[in-house]
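Quick notes on the structure that follows.
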Amino acid sequence: MVITTFYLPTRIIFGPGSFTRLGTEASRLGSKAILVTGRSSMRRTGLLDRAVSDLEDKGVEALIYDRVEPNPRASTVDEGARLAREAGVDLVIGLGGGSAMDAAKGITLASTGTYPIWHYIETEVEVKGQLPKLILVPTVAASGSEANNGAVITNWGTHEKCVLSSLYTYPKVSIVDPELTLTLPAKPTLQGGVDIFCHLVEPYITADNPAPLTDGIVEATLRLVVDYLPRALAKLEDINARTQLSWASTIACSAFTSLGGGDGALTLHGIEHSLSGYYDIAHGDGLAALLPAWMRYTYPLRKERFGALGRNVFGQPDGIKATENWLEKIGMKLKLRELGIEPERIREMADNAVKTAPWLKSHPKRLDAKVIAQIYSDSC
Ligand code: NZQ
Ligand code: ZN
């Protein structure tokens with residue numbers, strides 16, 4: 001066993017009704033907040049009004065920044081950072097799905113005004129100046145952004161969709177209230193479920209030195225997704241199903257699944273980000289379309305792991321077949337052409353993936369532009 005470091009400096013408050021803690025938690029950390037959300041759902045569902053009135057009740061002034069698009073752009077983050085700086089906020093609150101939460105992380109970092117956000121992605125720069133404190137409130141069970149320091153930001157001009165991670169982008173507090181996901185329609189619920197599944201299965205399959213304890217955590221969380229996603233689809237307001245999916249989401253893309261160790265990698269993610277970077281598709285759709293071809297390509301070097309996936313998650317001998325059947329059962333057996341991907345741009349996107357996802361090198365089998373282009377073609 002190698003020496004590992006489990007690090008997650010975030011207080012995670014979890015449970016139905018925990019959203020009512022926002023004002024109290026925020027008032028402990030600051031007095032002037034920028035509330036970062038997507039463009040419409042938080043207002044439509046009334047969650048934005050609830051947040052603002054709770055914050056003001058507890059003496060926290062709230063400036064609303066409701067301009068974050070799905071697959072957030074660097075330009076949107078820089079605009080939010082400018083507003084935060086001019087208002088002199090000491091708190092950034094991300095309320096929404098992964099897009100709003102990631103934008104909130106970027107706004108926190110760029111709020112000093114020293115550099116635009118893309119500079120932090122391209123170069124290792126020292127963070128200067130006092131940063132506002134970050135609170136995250138997920139409303140989608142998907143990205144798990146609430147329990148890690150990663151933020152996925154897109155430079156729309158170059159179609160580069162990159163992962164920013166810094167010691168300064170860990171939230172101080174995350175409030176995970178499954179009730180906030182009850183208004184999520186079937187499609188983003190599905191896309192979120194597939195995202196969680198991939199956050200778990202990719203490191204599980206690609207790990208060189210899997211450990212019994214983390215295997216147990218990952219397999220148990222995979223079973224939660226496989227069992228409860230169909231239940232949430234059957235009854236969107238099923239709070240028990242939503243609660244299981246919210247926990248799975250928070251666990252899946254955090255240090256909990258590796259306990260600080262683990263040498264698996266999100267290599268399918270590295271390939272997918274180029275797709276949503278070029279075509280602005282939903283991240284979960286891109287993953288669903290690419291997963292079978294990624295599995296088949298990887299199988300020869302991971303036969304035992306795919307067997308374990310089948311046996312321990314689906315109770316079937318063939319992990320790839322079982323995964324494909326599950327995708328079909330939930331209506332997520334997708335093809336890239338259905339998502340509008342043009343075959344003639346495949347090579348360009350494959351080159352982009354190699355450039356934007358350096359961790360592809362840690363895949364057990366060669367994943368260069370030629371191979372990635374083949375995986376895209378096999379998924380068309
Ligand atoms: O944009 P608004 O109007 O808010 O509507 C959103 C959006 O259209 C809507 N929505 C959110 N909460 C809702 C709701 N509608 C009704 N009721 C609610 N409670 O749902 C749509 C999808 O939201 P979005 O935030 O885009 O989805 P998701 O949570 O899947 O996040 C996707 C983003 O996260 C990144 C992805 O690349 C993508 O940019 N990821 C971030 C990760 C991280 N930080 O660790 C890891 C992931 O692998 C992923 O890459
Ligand atoms: Zn993901």
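Sequential numbering from 1 along the given sequence is applied to the chain's residues. Every number for a ligand or one of its atoms is a count from 1 in the order of the listing.
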I'd like a table of the close N/O pairs between ligand 1 and the protein (anything under 3.5 Å), one pair per line with both atom names and the distance.
from: ligand 1; atom 1: 3 (O); to: Ser40; atom 2: N; distance (Å): 2.9
from: ligand 1; atom 1: 3 (O); to: Ser40; atom 2: OG; distance (Å): 3.0
from: ligand 1; atom 1: 3 (O); to: Ser41; atom 2: N; distance (Å): 2.9
from: ligand 1; atom 1: 4 (O); to: Ser41; atom 2: OG; distance (Å): 2.7
from: ligand 1; atom 1: 5 (O); to: Ser41; atom 2: OG; distance (Å): 3.3
from: ligand 1; atom 1: 10 (N); to: Ser41; atom 2: OG; distance (Å): 3.4
from: ligand 1; atom 1: 12 (N); to: Thr139; atom 2: OG1; distance (Å): 2.7
from: ligand 1; atom 1: 17 (N); to: Thr183; atom 2: OG1; distance (Å): 2.7
from: ligand 1; atom 1: 19 (N); to: Thr139; atom 2: O; distance (Å): 3.2
from: ligand 1; atom 1: 19 (N); to: Leu180; atom 2: O; distance (Å): 2.9
from: ligand 1; atom 1: 19 (N); to: Thr183; atom 2: OG1; distance (Å): 3.1
from: ligand 1; atom 1: 25 (O); to: Gly98; atom 2: N; distance (Å): 3.1
from: ligand 1; atom 1: 25 (O); to: Ser99; atom 2: N; distance (Å): 3.0
from: ligand 1; atom 1: 25 (O); to: Ser99; atom 2: OG; distance (Å): 3.4
from: ligand 1; atom 1: 26 (O); to: Ser99; atom 2: OG; distance (Å): 2.7
from: ligand 1; atom 1: 29 (O); to: Gly98; atom 2: N; distance (Å): 2.7
from: ligand 1; atom 1: 31 (O); to: Gly98; atom 2: N; distance (Å): 3.2
from: ligand 1; atom 1: 37 (O); to: Lys161; atom 2: NZ; distance (Å): 2.8
from: ligand 1; atom 1: 39 (O); to: Asn71; atom 2: OD1; distance (Å): 3.3
from: ligand 1; atom 1: 44 (N); to: Asp102; atom 2: OD1; distance (Å): 2.8
from: ligand 1; atom 1: 44 (N); to: Asp102; atom 2: OD2; distance (Å): 3.3
from: ligand 1; atom 1: 44 (N); to: Ser145; atom 2: OG; distance (Å): 3.4
from: ligand 1; atom 1: 44 (N); to: Gly150; atom 2: O; distance (Å): 3.1
from: ligand 1; atom 1: 45 (O); to: Asn148; atom 2: ND2; distance (Å): 2.9
from: ligand 1; atom 1: 48 (O); to: His199; atom 2: NE2; distance (Å): 2.7
from: ligand 1; atom 1: 48 (O); to: His269; atom 2: NE2; distance (Å): 2.9
from: ligand 1; atom 1: 48 (O); to: His283; atom 2: NE2; distance (Å): 3.2
from: ligand 1; atom 1: 50 (O); to: His273; atom 2: NE2; distance (Å): 3.1
from: ligand 1; atom 1: 50 (O); to: His283; atom 2: NE2; distance (Å): 3.4

His199 atom NE2 and Asp195 atom OD1 as seen from the Zn ion (ligand 2), angle to 10 degrees: 80°

Please determine whether the number of non-hydrogen atoms from other residues, nucleotides or ligands lying under 6.0 Å from atom NZ of Lys365 exceeds 12. yes

Any non-hydrogen side-chain atom of His269 less than 4.5 Å from a side-chain atom of Leu287? yes

Vertex the Zn ion (ligand 2): angle to NE2 of His283 and NE2 of His269, to 10°? 90°

Whether Tyr376 side chain and Arg347 backbone form a donor-acceptor pair below 3.5 Å: no

Is there a donor-acceptor pair closer than 3.5 Å between any side-chain N or O of Thr10 and the backbone N or O of Ile12? no

Given salt bridge (charged side-chain N to carboxylate O under 4.0 Å, His left out), test Arg311 with Glu304 step by step and report yes or no. CA-CA 10 Å; Arg311 284 190 311 276; Glu304 195 283 326; 3.8 Å; yes

Do Thr267 and Trp294 have a side chain donor and acceptor closer than 3.5 Å? yes

Close side-chain approach of Thr221 to Phe256, heavy-atom, < 4.5 Å: no

Metal check, the Zn ion (ligand 2) vs Cys198 N/O/S, cut-off below 2.8 Å: no

